[in-house]
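As the structure lists them, so they are numbered: ligands from 1, and atoms in each ligand from 1.
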Amino acid sequence: MALELAEAHLRGLLAQVGLDAEYVRGEGDTLWWRTPSGDVPVVDFVGGYGSLVLGHNHPALVERARELLDQRVPVHAQFSYHPYANDLAAALNRVLWREFGTDEPYSAIFANTGAEAVEVALKHAEMDRVGKLARLRAEIDEHLASADPELAARARAHNEGRFDLPPVFLTLEGSFHGKLAGSVQLTHNAGYRLPFRGLAAQARFVPPAEVTKAVEAERVTVLDVVDGELVERDLPVVAAFFVEPVQGEGGIRVLEADVAAEIRAAADAAGFPVVVDEVQSGVGRTGAFYAASHVGLLGDYIVLAKAIGGGLAKSSVLLVRRSRYLPEFELLHSSTFAKDAFSCHIGAKVVELLEADGGAAYRRAAERGEALAAALRAVRDEFPTVVADVRGRGLMLGLEFHDRTGGEGGVAEYARMGLLGYVLAGYLLREHHVRVFPTASATHTLRFEPSIEISDEHIDQLVTGLRAVCAALRDQDDSALLPG
Ligand code: PMP
């Protein structure tokens, strides 16, 4: 056998539960699985972890890609004028203005992946914070230079070291914002985060019910002397609040409107930006282009990735509202591949397809999402001792199983290793030709993120598989679920 060098360890783990399938063709919601007896169609509910809102190889996107290649469009022409990037940014703005009822322009910084765009947001927010800190420090220094020496000395003693405090990033419990050195600090899952906690500034993970309290807990003040009196001034310690409109990897958890409003109000009161991470939930999946529009949460920064590449390109973008945008940032952050012509043109086509016919695609996402949710709820109602919950919005849905870690047998053993969802995924693939995965940080929850074209037949195929899973779990029939 050939030497395995591309993440062979991972493949070994996938093989244990029968998930090391090779897919050789993809179209819409169907993948073809290469097996010794021929290529087998599999219904794909993973949807590229959210990148395939229009399905695999959407014909209009493939045609656009062909055109670009046929026309010899220069894909890499860095440090030149990129009208196509501007066109995509303008298209994203038009949708944003409509969905949020605003007219403030948002500037776009392009990147390549979700985590990278999150890091762009981290850097931009920190640059903003450091600038504010420097201005405050200069102002206080000036005041102290002409103040009563005793008061000035007291202020200096109090302020000692405070201007050098590291930034704090706030985010909700269960959040997932990526796995790079900075973004992984905002990813709640301890397994992903803790080995790398020494690499970058830390986040605080806030329970949704305690947003205001958590912001207050971070309050740090310095002393100034104004009109001959010592006064407290707030130090900008919190750099940003990151939030997903629907938590994806945390188990498909929809942000409640009251929590969204509390985050917005706390940020406005303290002066830090809200970063809305729409990497997984954005670009049409929830029945609107921007998932945060359902709860009226207008971010100061908005992160898009995954589906903006149409399943063909790798791209991401950070949108920053004009009133908070730092143009100097453009000279400090760049990437060889970002803002390339291919991904910008594909991104513009994705927006065009979603916006066509007065937003028919969003209505379709909502309608298909409701059909899928109703089917999942029926499974829950049939197996209440097995299924704990069905939740989500549009075509971003999750089905959570009751805890299985307590019992005996092989399935419980996998559950204790955090692999319940993967074992069930292996079974569904093998026996029902349905591809699902658990969310990354909540492995008792299966996620469903098919394209807006998902058919009733495909939903039925999933439900047949899920009912068999639930019956086997209910009857503790491990041999039915585990690979032979
Ligand atoms: N943010 C969110 C909300 C995500 O779901 C993900 C990926 N699952 C990321 C960021 C990271 O994106 P990428 O995998 O493209 O780095």
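We find that Arg94 and Glu355 are not joined by a salt bridge, their nearest charged nitrogen and carboxylate oxygen being 4.0 Å or further apart. In summary, Glu216 and Arg219 do not engage in a salt bridge, as defined by a charged side-chain N under 4.0 Å from a carboxylate O. For the pair Glu453 and Arg364, the salt-bridge criterion is met [side-chain N within less than 4.0 Å of a carboxylate O].
Side-chain N/O atoms of Gln280 and Gln247 include no donor and acceptor closer than 3.5 Å. Neither side chain, Thr187 nor Asn189, offers a donor N or O lying under 3.5 Å from an acceptor on the other.
Proximity of a side-chain donor or acceptor of Thr113 to a complementary backbone N or O of Glu116 within less than 3.5 Å is detected.
Listed as neighbours of ligand 1 are Thr113, Gly114, Ala115, Phe176, His177, Gly178, Glu244, Glu249, Asp277, Val279, Gln280, Lys306, each bearing a heavy atom under 4.0 Å from the ligand.
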